[in-house]
Amino acid sequence: MSTKEDVLNELLKRLDEAEPEGADELAKELLEKRGMSPVELVNALSKKLKEIGDKFGRGEIFLMDLVGSAEVMNSVMTVLRPALEKSKEKAEYVGTIVIGTVEGDIHDIGQRIVASMLQAAGFRVIQIGNDQPPENFIKAAEENGADIIGASALLTTTMPVQKKLIEELKKRGLRDKYKVIVGGAPTSPEWAEEIGADGHGADATEAVEVAKRLIGKG
Ligand code: B12
């Protein structure tokens, strides 16, 4: 008989080998029959995806493989997202956040996981998508009465757009109106401090903690 670990390893193998068939079913089984929490599963998948990215970085796999793995992750997220958001009904409203990936960057898997976890924690989340210039973050924040702006960057070449966002807020006299948090694999608390952001989240759990703390709800 297969154990929870067997099923999880099977799912991680699908991610590794960019084999989408049945991946969503395996995720469903882990959540519904094997007692795995959505957060635990997200963390396991994120860790594997990071390993796959490192292999790509070392030239051991091709871009096509990376795209395939991202597709598997996206299909699993269709099962995971509703599971993460289910706990939302229980959570009390804590605040509004605008979140997106910065201009020039189409990586949105992590940003969407963060959005789901924030929603589950009681935030109203305005997702503006990927490849977004600073003015779009600001426009969405103004239109929705946001408390926080969250900007994701996965490329070293797009990290400077997070800085641009803060500069743009300053230019418009809006810097004190919003808390700004940044994240994405190449970012760090030191980077956040350097660009004058209010916080950094290394993963979705930390993102929720930081966001709550910044608006006095943590
Ligand atoms: C999947 C992936 C892709 C997919 C993206 C699909 C999608 N819809 O997102 C595809 C195949 C399209 C892709 C394309 C490219 N990619 Co890519 N990709 C990755 C990979 C393997 C995983 C990223 C991911 O989803 N991780 C899983 C999630 C859960 O983790 P995460 O994103 O880090 O998010 C977590 C935290 O960072 C945090 N977080 C994230 N956002 C936010 C926001 C806030 C506000 C907070 C608080 C927290 C937070 O919480 C999240 C949840 O835990 C990484 C490898 C890596 N090590 O990151 C490379 C990687 C980021 N890619 C890379 C590259 C080079 C590219 C390309 C330029 C390749 C090319 N030659 O075309 C293009 C870029 C296109 C573009 N303009 O953006 C490099 C970047 C190198 C660098 N130094 O900049 C990496 C590091 C791979 C490598 N080692 O070389 N990629």
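When reading the values below, keep in mind they use all heavy atoms of this one structure, side chains included, and skip hydrogens, waters and symmetry mates. If you read the sequence from its start, that first residue is 1, and numbering goes on from there. When a ligand or atom number is given, it counts from 1 through the structure's own listing order.
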Trainee: Quick check against the 3.5 Å criterion: does Asp105 have a side-chain atom that pairs as donor or acceptor with the backbone of Leu155?
Mentor: yes
Trainee: Right, does atom 20 (C) of ligand 1 have protein non-hydrogen atoms nearer than 4.0 Å?
Mentor: no
Trainee: Decide whether an N or O pair under 3.5 Å exists between Val67 and ligand 1.
Mentor: no
Trainee: Considering only heavy atoms, which of Glu71, His107, Gln111 lies nearest to atom 14 (C) of ligand 1?
Mentor: His107
Trainee: Count the heavy atoms of every other residue, nucleotide or ligand shown that sit under 6.0 Å from CD of Glu21, and state whether that count exceeds 12.
Mentor: no
Trainee: Looking only at protein heavy atoms, which one is nearest to atom 41 (N) of ligand 1, and how far off is it?
Mentor: Ser152 OG, 2.8 Å
Trainee: Could you check whether any side-chain N or O of Lys48 sits under 3.5 Å from a backbone N or O of Leu12, counting only pairs where one atom can act as donor and the other as acceptor?
Mentor: no
Trainee: Between Glu167 and Lys171, is the closest basic N to carboxylate O distance under 4.0 Å?
Mentor: no
Trainee: Below 3.5 angstrom, do we get any N/O pair linking Thr156 and ligand 1?
Mentor: yes
Trainee: Please could you name the atoms of ligand 1 that Ala204 approaches to less than 4.0 Å, counting only its heavy atoms?
Mentor: 50 (O), 52 (C), 53 (O)
Trainee: Using a strict threshold of under 4.0 Å (side-chain N to carboxylate O), is an ion pair present between Lys164 and Glu168?
Mentor: no
Trainee: Students should be able to answer this: which protein heavy-atom is nearest to atom 63 (C) of ligand 1, and at what distance?
Mentor: Leu155 CD2, 3.9 Å
Trainee: Salt bridge or not for Lys177 and Glu142, using N-O below 4.0 Å?
Mentor: yes
Trainee: Please state which protein non-hydrogen atom is closest to atom 38 (C) of ligand 1 and give its distance, to 0.1 Å?
Mentor: Ala202 O, 3.7 Å
Trainee: Evaluate the side-chain contact (heavy atoms from CB on, under 4.5 Å) criterion for residues Ile181 and Ile97: first the C-alpha distance (whole Å), next the side-chain angles of each, then the deciding distance (0.1 Å), finally the verdict.
Mentor: CA-CA 10 Å; Ile181 59 174; Ile97 178 164; 4.1 Å; yes
Trainee: Going by a strict under-4.0 Å cutoff (protein heavy atoms only), does atom 27 (C) of ligand 1 have a neighbour on the protein?
Mentor: yes
Trainee: Considering only heavy atoms, does Ile109 approach ligand 1 within less than 4.0 Å through its side chain, its backbone, both, or neither?
Mentor: both
Trainee: Is any NZ, NE, NH1 or NH2 atom of the basic residue among Glu40 and Lys4 found under 4.0 Å from an Asp or Glu carboxylate oxygen of the other?
Mentor: yes
Trainee: Among His107, Arg112, Gln132, Gln111, whose side chain to side chain donor-acceptor pair (under 3.5 Å) with Thr101 holds?
Mentor: Gln111
Trainee: Is there a side-chain contact (heavy atoms from CB on, under 4.5 Å) between Leu41 and Leu8 once you walk through the steps?
Mentor: CA-CA 8 Å; Leu41 187 52; Leu8 178 61; 3.8 Å; yes
Trainee: Which of the numbered atoms in ligand 1 are below 4.0 angstrom from a heavy atom of Ile113?
Mentor: 29 (C)
Trainee: Keeping the roles fixed (side chain from Asp6, backbone from Thr3), state whether a donor-acceptor pair exists under 3.5 Å.
Mentor: yes
Trainee: In terms of residue, atom name and distance, what is the protein heavy atom nearest to atom 31 (P) of ligand 1?
Mentor: Gly110 CA, 4.1 Å
Trainee: Show the atoms of ligand 1 that are less than 4.0 angstrom away from any heavy atom in Asp203.
Mentor: 38 (C), 50 (O), 53 (O)
Trainee: Note the single closest protein heavy atom to atom 40 (C) of ligand 1, along with its residue, its atom name and the distance in Å.
Mentor: Gly184 N, 3.5 Å
Trainee: Is there a nitrogen or oxygen of Ala207 sitting under 3.5 Å from a nitrogen or oxygen of ligand 1?
Mentor: no
Trainee: Between Lys139 and Glu143 (salt bridge meaning N to carboxylate O under 4.0 Å), is one present in this structure?
Mentor: yes
Trainee: Step by step, work out the side-chain contact (heavy atoms from CB on, under 4.5 Å) result for Ile138 and Leu165.
Mentor: CA-CA 8 Å; Ile138 298 172; Leu165 168 63; 4.0 Å; yes
Trainee: Could any protein non-hydrogen atom be found less than 4.0 Å from atom 10 (C) of ligand 1?
Mentor: no
Trainee: Check if Ile52 has a non-hydrogen atom at a distance under 4.0 Å from any atom of ligand 1.
Mentor: no
Trainee: Decide side-chain contact (heavy atoms from CB on, under 4.5 Å) for Glu29 and Glu25; before the verdict, give the C-alpha distance in whole Å, the side-chain angles of both, and the deciding distance to 0.1 Å.
Mentor: CA-CA 6 Å; Glu29 180 172 345; Glu25 288 303 320; over 6 Å; no
Trainee: What protein heavy atom sits nearest atom 46 (C) of ligand 1, and how far off is it?
Mentor: Gly183 CA, 3.6 Å
Trainee: Got an N/O contact under 3.5 Å between Thr157 and ligand 1?
Mentor: no
Trainee: May I ask you to identify the nearest protein heavy atom to atom 33 (O) of ligand 1, giving residue, atom name and distance to one decimal place in Å?
Mentor: Ala185 N, 3.5 Å
Trainee: Could you tell me whether Asp198 and Arg175 have a side-chain N and a carboxylate O separated by less than 4.0 Å?
Mentor: yes
Trainee: Does only the side chain of Ala211 get under 4.0 Å from ligand 1, or the backbone, or both, or neither? Count heavy atoms.
Mentor: neither
Trainee: Contact between ligand 1 and Pro186 is defined here as a heavy atom of the residue under 4.0 Å from a ligand atom; is it met?
Mentor: no
Trainee: Hey, is ligand 1 close enough to Val182 that some N/O pair sits below 3.5 Å?
Mentor: no
Trainee: Under 4.0 Å and counting heavy atoms only, is there anything from the protein next to atom 7 (C) of ligand 1?
Mentor: yes
Trainee: If you have a sec, work out which protein heavy atom is nearest atom 86 (C) of ligand 1 and how many Å separate them, to one decimal?
Mentor: Leu154 O, 4.7 Å
Trainee: Any N or O on Met73 sitting closer than 3.5 Å to an N or O of ligand 1?
Mentor: no
